[in-house]
Amino acid sequence: MLGFTNLDYAALAFFLIAWVGYHAALELTPAGQKSLNKVMNQYRYQWMEQMVVRENRIVDTTILASLMNGTAFFASTSLIAIGGVLALLRSTDSVLPLFADLPFGEPPTRIAWDVKVGGLAVIFVYAFFKFAWSYRLFNYMAIIVGAVPVLTNGNREEALAVARQAGAMNAVAGKHFNRGQRAFFFSLAYLGWFVSGYLFMAATAGVLIVMWRRQFLSDALDSAMRQSNV
């Protein structure tokens, strides 16, 4: 009824397995503890613990503002992408003849096209909610940062406890931001489905390899690990 072939279903299943599997490997397995995201979480906690010794926290608030601005940018970009996807739904009659003239792949039916575009919209909506929630969490973190007392001889445990709370909120905000970016990366692979199932699977595999290398085999990870071992 939808006009999908067995290849389409296989490519979509591969896409979903790749996304869910990467998420599970990165966030739910011991191997994920060695990823770049986890290493950077250690720096988030160290940042908050170092903050307690500073009476003037302009540097900390500037960094926090930078994180919030970056998150807001991606949230706004998600809304723009959603608007673009909705525009695609209105231009189905103009787009389908273009795909019919392509020398590779099968031209989609109208229903198949609408379903594919709807799936892309779901991805960007998911990304928006992740970025918007991350932005909100960074706001909460800013409130906790404001509550962190300056370290003195008599309040060390209290100051460090509140600083660790801020670090935990920082890590959670970063986790949701990373999930939103992950959705952006996989949306690029999803675009391959509009051409053919083979390209969809190839693009998914390519995105998966790139993200895996950045998390576990990148020079950024080597740099962060060297710094954390000093």
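Ion pair Arg179/Glu27 flagged as a salt bridge, since at least one NZ, NE, NH1 or NH2 atom sits closer than 4.0 Å to an Asp/Glu carboxylate oxygen.
The minimum heavy-atom distance between Ala163 and Val52, with the atom names listed, is CB-CG1, 3.6 Å.
With hydrogens and angles disregarded, a donor-acceptor distance shorter than 3.5 Å links the side chain of Ser76 to the backbone of Ala72. Here the side chain of Tyr190 pairs a donor or acceptor atom with the backbone of Lys116 at under 3.5 angstrom. For the pair Ser134 (side chain) and Ala173 (backbone), a donor-acceptor distance under 3.5 Å is present. Between the side chain of Asn155 and the backbone N or O of Thr152 there is at least one donor-acceptor pair closer than 3.5 Å. A donor-acceptor contact shorter than 3.5 Å links the side chain of Ser35 to the backbone of Gly32. A distance-only check finds a donor-acceptor pair linking the side chain of Tyr43 to the backbone of Ala224 [under 3.5 Å].
Residues Phe177 and Phe74 place their aromatic rings such that the two centres sit under 6.0 Å apart. Close placement of the Phe216 and Trp212 rings is indicated, their centers lying within 6.0 Å of each other.
Within the structure, side chain to side chain donor-acceptor pair (under 3.5 Å) contacts touching residues 166-175 (residues at least two apart or in different chains) are Arg44-Asn170.
Between Gln215 and Tyr22, some side-chain heavy-atom pair lies under the 4.5 Å cut-off. Within the 4.5 Å cutoff, no side-chain heavy atoms of Phe131 are placed close to those of Thr77.
Side-chain contact annotation: Ser66 with Asn69, donor-acceptor N/O pair under 3.5 Å absent.
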